[in-house]
S.K.: 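To start, I am sharing the structure in question, which I have written as structure tokens.
What you see below is based on every heavy atom in this structure, not just the backbone, and it leaves out hydrogens, waters and symmetry mates. Just so it is clear, the model here is predicted, and its values are computed rather than measured. Chain A is the first sequence line, chain B the second, and so forth, proteins listed ahead of strands; every chain is numbered from 1.
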Amino acid sequence: MNVKFLNPFVDAAAEVLMAEAKINISKGTLTLQKSAMTTDEVTVLINLVGQVQGVVLFGLSEQLGMKLVSKMMDQEFSAFDNLAQSGVAELGNVISGRATVMLSDAGYQSTISPPTMITGKGVQISTLDFPRIVVPLTCEFGIMVIHLALRESQAGEWNDNFVPLIKQATTSK
Amino acid sequence: MNVKFLNPFIEAAFEVLKAEAGITAERGNLGLEQNEYKTDDITVILALVGTVEGTVYFGMSNDTAMLLVSKMIGENITSFNSLAQSGIAELGNVITGRASVKLSVAGYEATISPPTLLLGKDATISTLDFARIVVPVLFDGTGINIHLALREGKIHGQTTAQMAIPSKPDIKK
């Protein structure tokens with residue numbers, strides 16, 4: 001995977017957590033994993049399609065999920081209910097959305113899919129032939145792990161149905 | 001969810017199963033589910049982005065997956081190894097790809113994400129506010145469940161690749 005896709009996600013996560021939940025995060029040691037990911041209690045899965053394609057996974061514990069949502073909504077959560085799930089999924093959505101804006105500034109257009117929430121510890125998620133960069137983000141309440149399995153689309157793959165818009169119409173005299 | 005997104009997937013599944021694995025499948029009774037999905041042994045997840053957006057899951061048991069891969073590659077597979085995993089993910093990819101072509105004929109352009117494979121029973125997948133249509137596709141005394149959580153995408157979510165191309169450019173004299 002291309003490392004230049006990494007920073008937008010780390011920056012976006014820091015910005016969004018600061019803005020939404022007033023939480024400071026610090027980045028841990030990066031690792032590259034080829035094997036399937038074994039899930040934590042809560043996983044938010046978001047797909048990217050476009051010039052960058054692949055999948056982004058946000059793994060966290062229920063405890064951290066509830067803390068984040070409590071901070072976001074300024075309301076104490078004691079159960080990881082539907083509202084809390086929706087809040088965590090939305091957080092993943094906003095971080096990825098923000099990251100795609102940064103990616104697009106860097107010249108990579110992409111669109112994100114709606115988030116999917118996977119709950120249940122110990123399930124394996126395999127991205128098949130995509131190796132994943134794993135970024136642990138530590139905050140005062142725990143660790144959120146971002147898994148990035150992204151690659152640049154091969155020429156033709158994305159461009160098949162992409163027709164550049166005409167910049168200047170040909171003028172006949 | 002819009003039911004008109006359903007038939008492309010059923011047709012695509014039938015065609016792909018026939019062509020790739022020589023299986024004649026039939027449709028079981030449709031179901032509409034609002035609650036979370038408890039996973040089967042194997043789940044292939046794909047996202048659609050475009051004027052149709054959402055998530056598609058293909059859920060099946062280990063035995064069914066191995067039966068499918070065995071038929072696809074004409075070789076008896078007895079353990080769900082990485083070759084089998086890749087085969088099943090590819091099957092999901094081809095069915096969804098075929099369906100997206102059919103959707104595009106119906107006027108809904110969508111791009112699909114690479115497949116993600118979820119291994120492990122009884123995790124919970126939630127599509128949050130999307131209701132899912134569940135289509136059982138039955139063959140040889142077993143079957144796969146296709147879950148469709150799709151909705152019409154927002155127009156401002158369109159990318160240039162999905163813009164209509166003017167049939168005749170305006171040429172000023």
S.K.: For B:N29, look at atom CG and say whether over 12 heavy atoms of other residues, nucleotides or ligands are found less than 6.0 Å away.
M.R.: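 Open.
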S.K.: For A:L128, is it the side chain, the backbone, both or neither that has a heavy atom under 4.5 Å from a heavy atom of chain B?
M.R.: side chain
S.K.: Take A:Q85 and B:S126, measure what side chain to side chain contact (heavy atoms under 4.5 Å, CB included) needs, and give me the verdict at the end.
M.R.: CA-CA 9 Å; A:Q85 289 192 11; B:S126 160; 3.9 Å; yes
S.K.: Let me know if A:L45 has heavy atoms under 4.5 Å from chain B in its side chain, its backbone, both or neither.
M.R.: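 Answer is side chain: those atoms of A:L45 sit under 4.5 Å from chain B.
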S.K.: Taking the side chain as every heavy atom from C-beta outward, state whether A:S126 and B:Q85 have any atom pair closer than 4.5 Å.
M.R.: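 They are in contact (side-chain heavy atoms under 4.5 Å apart), so the answer is yes.
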S.K.: What part of B:T55 is in contact with chain A, defined as an atom under 4.5 angstrom from a non-hydrogen atom: side chain, backbone, both or neither?
M.R.: side chain
S.K.: Tell me, with the steps shown, if A:V123 and B:D122 meet side chain to side chain contact (heavy atoms under 4.5 Å, CB included).
M.R.: CA-CA 8 Å; A:V123 179; B:D122 287 340; over 6 Å; no
S.K.: Heavy-atom pairs under 4.5 Å with chain A: which of B:L48, B:I125, B:L119 has the most?
M.R.: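 The residue among B:L48, B:I125, B:L119 with the greatest pair count is B:L119.
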S.K.: Using non-hydrogen atoms only, which part of B:I45 is less than 4.5 Å away from chain A: side chain, backbone, both, or neither?
M.R.: side chain
S.K.: Inspect the surroundings of CD in A:Q33 and state if more than 12 heavy atoms from other residues, nucleotides or ligands are less than 6.0 Å away.
M.R.: yes
S.K.: Evaluate the criterion side chain to side chain contact (heavy atoms under 4.5 Å, CB included) for residue pair B:L118 and A:I118; output intermediate values, then yes/no.
M.R.: CA-CA 10 Å; B:L118 201 77; A:I118 301 164; 3.8 Å; yes
S.K.: With clusters defined by side-chain heavy atoms of hydrophobic residues (ILVMFWY) lying less than 4.5 Å apart, directly or transitively, does A:L17 cluster with A:V135?
M.R.: yes
S.K.: Pick from A:M37, A:K121, A:M117: which one has the most heavy-atom pairs with chain B under 4.5 Å?
M.R.: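 It is A:M117.
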S.K.: Show your working on side chain to side chain contact (heavy atoms under 4.5 Å, CB included) between B:S113 and A:Q53 and close with a plain yes or no.
M.R.: CA-CA 7 Å; B:S113 73; A:Q53 59 168 216; over 6 Å; no
